[in-house]
Amino acid sequence: MTNKDILHPAFWLWVPVAVMIVQIILEVTLPSSILSPMHSENGPHELMQFFLAACGCGVAVFTLSKLDYKSVQKWLAGWIFLAAICCFYVAGEEISWGQHILDWATPEFWKNVNDQQETNLHNVSSWLDQKPRLILEIGILFGGIIFPLLQKYRPGTLPQQFSIIYPPAILSVTAVIALGSKLIVKITESFDIVLFNRYSEVEEMYLFYFVLIYLVCLKRKIANEGHIRT
């Protein structure tokens, strides 16, 4: 299966590159009074993060519904199920489980434990926010950058029994943009140079996009190996 058969270049190359170019243009041309609302709870970045995570959950659930459980290994089904649960959690958290859309009031008891007084979990503890994010960043670092390099320059280093879940090398574009630009932002911030109004929101968008296209690629790889019921 070629890279184009797995995923069209429009999704793994043109979209992530074009979005970053547009983001940079907006950061350079727009004042902070406009940029700040764009990164707010109801801004386009937050809504896009919800959309990407929800789509990722949908792809994972669809794949689970089509799996041929007689031929597929149980650990692979468990991996996809874990992805579905994580995407569902992220999608729900991004819109505070509907509060950002329906605009309901946060119960008083929850205001006391939530940093931003919203009906979500990630503002309650770093273990439900920064820690999962760090795990995802590490996963994308390995899956999107290190594993493809090992497969190219040190073939056979990675356990072949898990090869089906390794991200294809084409996803390195999104991984490099997400993690590379974050590194650049951290370096420039040390010199008091602000490149992005709020880069964390931009990074999250790329992290979730990586997960979405990874799940699409995984589904197609599984289908190619004959583990999808028609």
Side-chain angles (χ1 to χ4, degrees), residues 11-13 15-27 30 32 34-60 82-101 114-116 118-145 167 171-189 194-217:
F11 297 102
W12 63 263
L13 177 60
V15 168
V17 171
V19 169
M20 181 52 72
I21 291 174
V22 171
Q23 184 68 44
I24 292 174
I25 292 174
L26 294 177
E27 296 285 346
L30 296 180
S32 58
I34 297 178
L35 287 171
S36 295
M38 288 179 60
H39 297 98
S40 67
E41 296 297 342
N42 293 314
H45 289 82
E46 288 277 356
L47 294 177
M48 181 57 67
Q49 291 161 19
F50 163 75
F51 176 77
L52 294 173
C55 287
C57 181
V59 172
L82 177 62
I85 293 297
C86 291
C87 287
F88 177 78
Y89 170 78
V90 169
E93 287 290 296
E94 286 301 323
I95 58 172
S96 292
W97 302 99
Q99 185 178 32
H100 293 171
I101 298 174
N114 190 281
D115 291 343
Q116 296 187 17
E118 298 173 328
T119 54
N120 55 44
L121 296 172
H122 70 272
N123 289 325
V124 173
S125 168
S126 65
W127 288 97
L128 298 171
D129 185 12
Q130 286 90 358
K131 301 300 188 299
R133 179 184 179 132
L134 177 60
I135 292 173
L136 178 57
E137 290 175 339
I138 293 174
I140 291 177
L141 171 63
F142 277 88
I145 299 176
L171 301 195
S172 297
V173 175
T174 300
V176 168
I177 291 176
L179 302 181
S181 53
K182 180 182 181 180
L183 179 60
I184 293 174
V185 167
K186 291 295 184 182
I187 294 174
T188 55
E189 283 180 348
V194 179
L195 298 179
F196 292 86
N197 182 269
R198 190 179 175 190
Y199 182 71
S200 60
E201 297 298 332
V202 179
E203 185 203 13
E204 283 185 13
M205 189 168 59
Y206 274 93
L207 297 180
F208 302 157
Y209 184 69
F210 181 96
V211 173
L212 172 59
I213 57 178
Y214 165 73
L215 290 172
V216 171
C217 291

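Note that the structure is predicted; figures quoted are calculated from it, not measured.
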When you compare the side chain of [Y] with that of [X], does any pair of heavy atoms fall below 4.5 Å?
{"X": "E204", "Y": "H45", "answer": "no"}
{"X": "L195", "Y": "E27", "answer": "no"}
{"X": "L215", "Y": "C87", "answer": "yes"}
{"X": "V211", "Y": "L136", "answer": "yes"}
{"X": "M20", "Y": "V202", "answer": "yes"}

Taking ring pair (Phe, Tyr, Trp, His ring centres under 6.0 Å) as the definition, give me every residue that meets it alongside F51, ordered by chain and number, with sequence neighbours left out. none
Do you know the tightest heavy-atom contact between [X] and [Y]?
{"X": "C217", "Y": "L171", "value": "SG-CD2, 4.3 Å"}
{"X": "L212", "Y": "V59", "value": "CD1-CG2, 4.1 Å"}
{"X": "A54", "Y": "A91", "value": "N-CB, 3.8 Å"}
{"X": "L52", "Y": "M205", "value": "CD1-O, 3.3 Å"}
{"X": "A84", "Y": "C57", "value": "O-SG, 3.6 Å"}
{"X": "Q23", "Y": "F196", "value": "CG-CE2, 3.8 Å"}

Check for a donor-acceptor pair, side chain of [X] on one end and backbone N or O of [Y] on the other, with a separation under 3.5 Å.
{"X": "T119", "Y": "S96", "result": "yes"}
{"X": "Q49", "Y": "E201", "result": "yes"}
{"X": "E137", "Y": "L179", "result": "no"}

side-chain hydrogen bond (donor to acceptor under 3.5 Å, both in side chains) contacts touching residues 206-216 (sequence neighbours left out):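 Those involving residues 206-216 are W79-Y214.
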Quick check: F88 with W97 (ring centres under 6.0 Å apart)? yes
Which is it for E203 and R133 under the side chain to side chain contact (heavy atoms under 4.5 Å, CB included) test, yes or no, and what are the steps along the way? CA-CA 10 Å; E203 185 203 13; R133 179 184 179 132; 2.3 Å; yes
How long is the straight-line distance from [atom2] of [Y] back to [atom1] of [X], given to the nearest 0.5 Å?
{"X": "T174", "Y": "F208", "atom1": "OG1", "atom2": "CZ", "result": "14.0 Å"}
{"X": "S172", "Y": "L13", "atom1": "OG", "atom2": "CG", "result": "12.0 Å"}
{"X": "I177", "Y": "I21", "atom1": "CD1", "atom2": "CD1", "result": "8.5 Å"}
{"X": "L183", "Y": "T188", "atom1": "CG", "atom2": "OG1", "result": "9.5 Å"}
{"X": "L35", "Y": "L30", "atom1": "CG", "atom2": "CG", "result": "5.0 Å"}
{"X": "E94", "Y": "E46", "atom1": "CD", "atom2": "CD", "result": "5.0 Å"}

Between the side chains of N114 and N120, does any donor sit under 3.5 Å from an acceptor? yes
